[in-house]
**Student:** 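Pasting in a structure now, in structure tokens, and then I'll have a few things to ask.
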Amino acid sequence: MKSFSKTLIAAAAFAAIATTAFSQVPWEFNPGMAYMYAGPGKMSAMAMAATPKNHDAMMKNAKKVPDNTVFFMDKGQLYSTSGMLDPTGNFYLP
């Protein structure tokens, strides 16, 4: 059991490091994939059905995201605003 505990602790430490490193990588959106926000802590991605009917249904109420849109979390809620971030993470309006 002692060996199992050390393995579990090591795995948790690795996951924490990997999560920090991953969060600094830009999002990569791929064609044919849908990315969904379903509430605090509930993000998922899945392949979309590749049919014209499905595409038309999604596009019916879709809105283009404007350039210079910043997405961020506050108190567990996802927000967006117009603006940019400088290399140090400070927000500004162009």
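Small disclaimer: the values here were computed from a predicted structure and weren't measured. In what follows, every heavy atom counts, from backbone to side chain, and hydrogens, waters and symmetry copies are set aside.
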**Student:** May I ask you to check whether over 12 heavy atoms, not counting those of Met58, lie within 6.0 Å of atom CE?
**Tutor:** no

**Student:** Looking only at heavy atoms, which two atoms of Ser80 and Thr69 are closest? And how far apart?
**Tutor:** CB-CG2, 3.9 Å

**Student:** Using the rule given for side-chain contact (heavy atoms from CB on, under 4.5 Å), can you reason through Asp86 versus Met84, listing the C-alpha separation, both sets of side-chain angles and the distance that settles it, and then say yes or no?
**Tutor:** CA-CA 7 Å; Asp86 69 17; Met84 297 181 72; over 6 Å; no

**Student:** Taking all non-hydrogen atoms of both residues into account, name the closest pair between Pro40 and Gly76 and its distance.
**Tutor:** CG-O, 3.0 Å

**Student:** Work out which heavy atom in Phe71 is nearest to a heavy atom in Leu78; give both atom names and the distance.
**Tutor:** CB-CD1, 4.4 Å

**Student:** Assign the ring pair Phe29 / Tyr35 to parallel, tilted or perpendicular, where the plane angle (0 to 90°) is split at 30° and 60°.
**Tutor:** perpendicular

**Student:** Can you name the closest pair of heavy atoms from Asn68 and Pro94 and give their distance?
**Tutor:** ND2-CG, 4.0 Å

**Student:** Should Met36 and Met48 be counted in the same cluster of Ile, Leu, Val, Met, Phe, Trp and Tyr side chains packed under 4.5 Å apart?
**Tutor:** no

**Student:** Might you point out which heavy atoms bring Thr81 and Phe91 nearest each other, and give the distance in Å?
**Tutor:** CG2-CE1, 3.7 Å

